[in-house]
Amino acid sequence: MKEITSMEKDFAKWYTDVVKKAKLMDYSGVRGCMILEPYGCAIWENIQKILDKKFKDLNHENVLMPLLISESLLQQEKDHIEGFAPEVAWVTHGGNEKLEERLCIRPTSEVLFCDYFSKKIKSWRDLPKLYNQWCNVVRWEKTTRPFLRTVEFYWQEGHTIHETEKEAREETEKMLNLYFDFLEKDLCIFTIKGQKTEKEKFAGAETTYTIEAMMHDGKILQSATSHYFGNSFAKAFGIKYRNKFNQESFPYQTSWGLTTRVIGGIIMTHGDNKGLVLPPSVAPIQIIIIPINLKNKEIIEKSLKIYDILNKNFRVKLDLTDQTPGWKFSEYEMKGVPLRLEFGPKDLKNNQCVLVKRNTSEKKICNLENLEENICLSLDELKFELYEESLKRTNDLTYLIEDNFEEILDKKYGFIKSSWCGNSKCEDLVKEKYGVTSRCIIKKNNANKCPLCGENSSYNIYWGKSY
RNA sequence: CGAGGUGUAACUCAGUUUGGUAGAGUGCUUGGUUUGGGACCAAGAAGCCGUGGGUUCAAGUCCUACCACCUCGACCA
């Protein structure tokens, strides 16, 4: 079997090797459309389960909008359609096409939600509506890469509508924080949280917020976004209601989303040269039990008992196939299983087992009496270490621009933190000259000068080369 | 969408120079020996050479169009 290319040798090749070896996805016959194989699908399902609960705990309800959008509906909000037009997939359908209106496959569902809201919202009593949908969308991307950019991808898109600007802004911020916490606590990924510049914001949004994560190679992945729409969509779609003072009003909207791209983020944040490394919260298999001598009936029986005990509280698999132990070790390392439990003749004799953490390969002999405690401990350790590594990498590769910005921007990896005047001319210059784009604005800053033009600065900003 | 590369068995690839009976390793199946880091022996199955046209007595090999994948840009979540 071919080895995984080392990430130092060729990071892009390493990435696709890991994706294939871990059996996350396969290609279909259509460009950019991938098959989520059972293992990759299980990771996405775990992500869905965690987020769905968080959304519902905050009183969001799930809905399912249709796949197809009519051309006239899509074109109702000018900025929105301008942003998406080049990558919309149009459907050829039967019948007399000249008489029928063109249809497209949703690239995102703003217009569908807006159309729906315009029918449902008549009174202040109808507000707010807090909706979310888990679905697939299609964007005609020019180049595609597994998970990071595919023509069809899966995501959740939250769409909420509120009486006041304040409420909507609070929702936008709340959901951004929810994503930030999810990446930190569940995916063990440190992200930078901030606001997109005018140039980088979502088509049709008033403000776009983002969390940005640094990958192993120092490139940056936009991991989730949360948008404040103001009431421009409401105006474009005629979403009007009577407020408490019997006045006609336009409500305020938000949207927020996280996609299967985040799986690419997990791979490129935690993966190593042996393959995938999964945080326990989303790992389809959290513990793999590998019995050592399959001819020994006692070992099999005891392994089955261990499996039954652990199966109550963990996602656990017992591998009884006739592959050699060494083969199994490699297999589950490639698949990123957080914890391996070896059980062999020595262990049988001493009422123990061997626990091996995926990230460090550290072996620990563990008495079977307090197995579950030790497993919890090891999984917590692993989570902590994964997060710390992500945090450390981000800090190590964050450069502060003072006056040597040319040298720093030329590195083309890592985060570059600087003051910024807020002028898109400086943003364009950085992009053109250094191939680096603005990732996010973190706060107002009037103390310094913009290192690019020398004018008084307005913001602190992060730059980086993005995926 | 631009530049470059690739497509032959399930996987990785040789064969293309000079057109002439389809190859290897891994994997798979069966039987046996093994088992604490990708085991070994034996036998077996497996490919209209990405797809469609063309040139030729003869095409995996030459010509042509298309499709998919990879890398780097531009664009995006």
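Nothing here was measured: the structure is a model prediction, and the numbers come from that model. Below, chains carry the letters A, B, ... as their sequence lines are ordered, and counting in each starts from 1.
As judged by a 4.0 angstrom heavy-atom cut-off over every strand, A/V354 is placed among the base-contacting residues. Across all strands, A/K295 comes closer than 4.0 Å to base atoms (heavy-atom distances). Looking at heavy-atom distances under 4.0 Å, A/Y27 makes contact with sugar-phosphate atoms alone, never a base. Within the nucleic acid shown, A/S466 comes within 4.0 Å of at least one base atom, counting heavy atoms only. Here A/K431 lies in heavy-atom contact (under 4.0 Å) with sugar-phosphate atoms only. Contacts of A/T210 with the nucleic acid, taken as non-hydrogen atoms under 4.0 Å apart, are absent. Across all strands, A/P291 comes closer than 4.0 Å to no nucleic acid atom at all (heavy-atom distances). Here A/G32 lies in heavy-atom contact (under 4.0 Å) with sugar-phosphate atoms only. Among the protein residues, A/P345 comes within range of the nucleic acid bases, having at least one heavy atom under 4.0 Å from a base atom.
Taking only distance into account, the side chain of A/E333 meets the base of B/G37 through a donor-acceptor pair shorter than 3.5 Å. Not a single donor-acceptor pair, N or O on each side, falls under 3.5 Å between the base of B/G36 and the side chain of A/N293. One donor-acceptor pair, N or O on each side, does fall under 3.5 Å between the base of B/A74 and the side chain of A/T143. Side-chain to base pairing of A/R340 with B/G37: one donor and one acceptor N or O lie within less than 3.5 Å of each other.
Listed nucleotides B/C70, B/C75, B/G37 differ in distance to A/T16; the shortest reach to its side chain belongs to B/C70.
One can place CZ of A/R139 at 19 Å from P of B/C1, the figure rounded to the nearest angstrom. A straight line from CD of A/E432 to P of B/A74 spans 11 Å, rounded to a whole angstrom. What separates NZ of A/K363 from P of B/G36 is a distance of 10 Å, to the nearest Å. For the pair A/N273 CG and B/G38 P, the interatomic distance rounds to 19 Å; values are reported in whole Å. Between the CG atom of A/D322 and the P atom of B/U33 there is a distance of 13 Å, rounded to whole Å. A/W140 places its CH2 atom 18 Å from the P atom of B/C76, with the value rounded to the nearest Å. Taking atom NZ of A/K142 as the reference point, atom C1' of B/C1 lies 5 Å away to the nearest angstrom. Remark: C1' of B/C72 and OH of A/Y413 are 19 Å apart, rounded to the nearest angstrom.
OP1 or OP2 of B/A39 lies within a sub-4.0 Å distance of a side-chain N or O belonging to A/T324. Listed pair A/K465 / B/G73 meets the phosphate criterion, a side-chain N or O lying under 4.0 Å from OP1 or OP2. Close to B/C69, at under 4.0 Å from its OP1 or OP2, lies no side-chain N or O of A/R145. Contact annotation: A/Y15 does not reach the phosphate of B/U71 (side-chain N/O to OP1 or OP2, under 4.0 Å). Residue A/K23 places none of its side-chain N or O atoms closer than 4.0 Å to OP1 or OP2 of B/A10.
Base-pair partner of B/G4: B/C70 (Watson-Crick or G-U wobble, both distances under 3.5 Å). Across all strands shown, the partner of B/U29 is B/A43, judged by Watson-Crick or G-U wobble contacts whose two distances both fall under 3.5 Å. Applying the Watson-Crick and G-U wobble criteria (two distances, each under 3.5 Å), B/G36 pairs with nothing in any strand. The partner of B/U61 is absent, by the rule that a Watson-Crick or G-U pair needs both atom distances under 3.5 Å. Across all strands shown, B/U12 is found opposite B/A24 as a Watson-Crick or G-U wobble partner, with both distances under 3.5 Å.
Under a cut-off of 6.0 angstrom, the local environment of CG in A/L68 is crowded, with over 12 non-hydrogen atoms contributed by other residues, nucleotides or ligands.
With A/D217 as the partner, the side chain to side chain donor-acceptor pair (under 3.5 Å) test is satisfied by one option alone out of A/W14, A/Y413, A/Y467: A/Y467. Among A/L341, A/D319, A/L318, the single residue meeting the side chain to side chain contact (heavy atoms under 4.5 Å, CB included) criterion with A/I288 is A/D319.
Aromatic ring centres of A/F153 and A/W155 lie closer together than 6.0 Å.
A salt bridge is absent between A/R358 and A/E333; no separation between the charged side-chain nitrogens and carboxylate oxygens falls under 4.0 Å.
For the pair A/F84 and A/E342, nearest-nucleotide mapping onto RNA chain B gives the more 5' position to A/E342. Nearest-nucleotide positions on RNA chain B place A/P325 closer to the 5' end than the other of A/E87 and A/P325.
Here the separation of B/G15 from B/C62, taken at their P atoms, is 12 Å to the nearest Å.
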* Should A/K305 and A/E301 be marked as a salt bridge (Lys or Arg N to Asp or Glu O under 4.0 Å) after you check the CA-CA gap, both sets of side-chain angles, and the distance that decides it? -> CA-CA 6 Å; A/K305 268 186 197 158; A/E301 276 169 27; 5.9 Å; no

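Between A/F229 and A/H227, the two ring planes are parallel [angle under 30°; tilted spans 30° to 60°].
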